[in-house]
Amino acid sequence: LHVGISEWNPQVAAEVKECITQYGITSFKAYLAYRESIGIKLKELKSLMEVVGPNGGIVMVHCEDGEMISRLQRLFLKEGKMEAIYHALSHPPEAEIKAIGDVLELSSQTGCPVYIVHTSTALGTNLIRQAKRSGMNVYGETCIQYLMVNDSVYNTSLKNIDVLPYIISPPIRSEADRILLWEGLADGTFDTVATDHCPFNLQGQKDRGINNFIKIPNGAGGIEHRLSLLYTYGVLTGKITMEQFISLTSSQPAEIFGLGNNKGKLKPGYDADIIIWNPESKSIISAATHVQRCDSDIYEGTVTRGKAEVVLVNGKIVFRNGKVINPIQ
């Protein structure tokens, strides 16, 4: 769990320092998008870094330039362009690329470690790669949806209702971006693969914005399928190794967020949080059979191989063969 920073003032600054020094909470997430609600400005982000860095914490940033997005949204609405596709068009690659550049510059100025969440573009990936090679303390994350899906889901020939499940931020990118994100996994540019898991029902939630793209709830589900998709389309295709699969989903996240002395490795004395992986299992993803309580699935019909057959938490079996058998208290 990370502390979300949605405003900045002396009280918040004092609370951030207290989180680190008294409670051992070291990761803080900020948004450069969503200016109308939880987003903060670059000046405020710099102030956050100036508190977090010297106290041994890390700042995570959703990198999309909020001003660029707001300007494009106003333009499209003024022109009467209300369809779902205009969500993606109002969140162009340039918004991410600019924001990543700005965040890396602030990190360089303040010395604060940064973690770039859900990177979706090839050029954004390259900025992170260059920063790492220059010796900056930066970590990169991408998400399984950007590795699996391309922007054909926003094709203008599709019905508006069919586009709604894919309205996420950042949006799905081009096939060229998708290919280069896989390369970023292989060469170590990315330290983790996450999901930005945030599912909404198509009926009753997503469809509230069917006639106005800014009213569509942003997000999709992914936690349930992350490991099987990464294994099937990463490990089994030779894009990444089994060792990288484990590192990207377990070892590296533990290390980055201060849990490396307890989790992320199979060693004596570590928490026995373990999955038993069945590499032979085959499945077809479907909203009719998935566990998440959502009426659509952006991976509908995708074939996967491999699954977590048994899950142990602190040495106790909590999940086996698709069923929770000992809920975590």
Problem - Phe190 and Tyr139: CA distance, side-chain angles, deciding distance, ring-ring contact (aromatic ring centres under 6.0 Å, His included) verdict - result: CA-CA 7 Å; Phe190 292 117; Tyr139 301 94; over 10 Å; no

Practice task
List the steps and the verdict of side-chain hydrogen bond (donor to acceptor under 3.5 Å, both in side chains) for Asn155 and Ser152.
Solution key: CA-CA 5 Å; Asn155 194 300; Ser152 62; over 6 Å; no

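Taking Tyr31 as the reference, Tyr34, His62 meet the ring-ring contact (aromatic ring centres under 6.0 Å, His included) condition, with sequence neighbours excluded. Remark: Phe319 engages no residue in a ring-ring contact (aromatic ring centres under 6.0 Å, His included) (not counting sequence neighbours). Residues passing the ring-ring contact (aromatic ring centres under 6.0 Å, His included) test with Tyr154, sequence neighbours excluded: none.
For Trp277 and Tyr231, the ring centers are positioned less than 6.0 Å apart.
In this structure, the side chain of Gln244 engages the main chain of Ala186 through a donor-acceptor pair within 3.5 Å. For Asp295 (side chain) and Gln203 (main-chain N/O), a donor-acceptor pair under 3.5 Å exists by modelled atom type. Asn278 places no side-chain N or O within 3.5 Å of a backbone atom of Gly306 that could act as its donor or acceptor partner. A distance-only check finds a donor-acceptor pair linking the side chain of His197 to the backbone of Ile223 [under 3.5 Å]. Side-chain atoms of Thr142 do not come within 3.5 Å of backbone N or O of His118 as any donor-acceptor pair. Side-chain atoms of Thr125 come within 3.5 Å of backbone atoms of Thr121 as a donor-acceptor pair (strictly under, hydrogens ignored). Looking at Thr302, its side chain does come within 3.5 Å of a backbone N or O of Tyr299 through a donor-acceptor pair. Proximity of a side-chain donor or acceptor of Asp191 to a complementary backbone N or O of Gly140 within less than 3.5 Å is detected. Put simply, the side chain of Asp207 gets close to the backbone of Gly204: a donor and an acceptor are under 3.5 Å apart. Looking at His87, its side chain never comes within 3.5 Å of a backbone N or O of Ile216 through a donor-acceptor pair.
Leu185 has its side chain within reach of Leu147: a pair of non-hydrogen atoms, C-beta onward, lies under 4.5 Å apart. In this structure the side chain of Lys46 never reaches within 4.5 angstrom of the side chain of Leu42, judged on heavy atoms. By the 4.5 Å heavy-atom criterion applied to side chains, Ile69 and Glu64 are counted as neighbours. Taking 4.5 Å as the limit, every side-chain heavy atom of Glu243 sits out of range of all side-chain heavy atoms of Ile246. Contact annotation: the side chain of Ile58 approaches that of Ile256 to within less than 4.5 Å [non-hydrogen atoms, C-beta and beyond]. Two residues are said to be in side-chain contact when any heavy atoms from C-beta on lie closer than 4.5 Å; Tyr146 and Ile168 meet this criterion.
Only one option out of Thr304, Asp297, Thr232, Thr195 pairs with His225 in a side chain to side chain donor-acceptor pair (under 3.5 Å); it is Asp297.
Sorted pairs that involve residues 135-144 and meet salt bridge (charged side-chain N to carboxylate O under 4.0 Å, His left out), not counting sequence neighbours, are lacking altogether. Sequence neighbours left out, the pairs with a member in residues 261-281 that pass salt bridge (charged side-chain N to carboxylate O under 4.0 Å, His left out) are Glu255-Lys265, Lys263-Asp271, Lys263-Asp273, Glu280-Arg305.
A perpendicular orientation is assigned to the rings of Phe213 and Phe76, their planes being inclined by more than 60° (bins at 30° and 60°).
Within a 6.0 Å radius of CD in Glu36, other residues, nucleotides and ligands contribute more than 12 heavy atoms. The number of heavy atoms from other shown groups lying within 6.0 Å of CZ (Arg129) is above 12. No more than 12 heavy atoms of other residues, nucleotides or ligands shown are found within 6.0 angstrom of CD on Glu67. In Lys17, the NZ atom is not crowded: 12 or fewer heavy atoms of neighbouring residues, nucleotides or ligands sit closer than 6.0 Å. Atom CD1 of Ile161 has more than 12 heavy atoms from other residues, nucleotides or ligands within 6.0 Å.
One finds no salt bridge joining Glu44 and Lys41 here, because no Lys/Arg side-chain nitrogen approaches an Asp/Glu carboxylate oxygen to under 4.0 Å. Under the 4.0 Å criterion applied to side-chain N and carboxylate O atoms, Arg71 and Asp65 are not assigned as salt-bridge partners.
In terms of heavy atoms, Phe28 sits closest to Cys19 at CZ-CB, 3.9 Å.
Cluster partners of Ile274, using a side-chain heavy-atom cutoff of under 4.5 Å among ILVMFWY residues and allowing indirect links, are Leu266, Ile276, Val310, Leu312, Ile317, Ile325.
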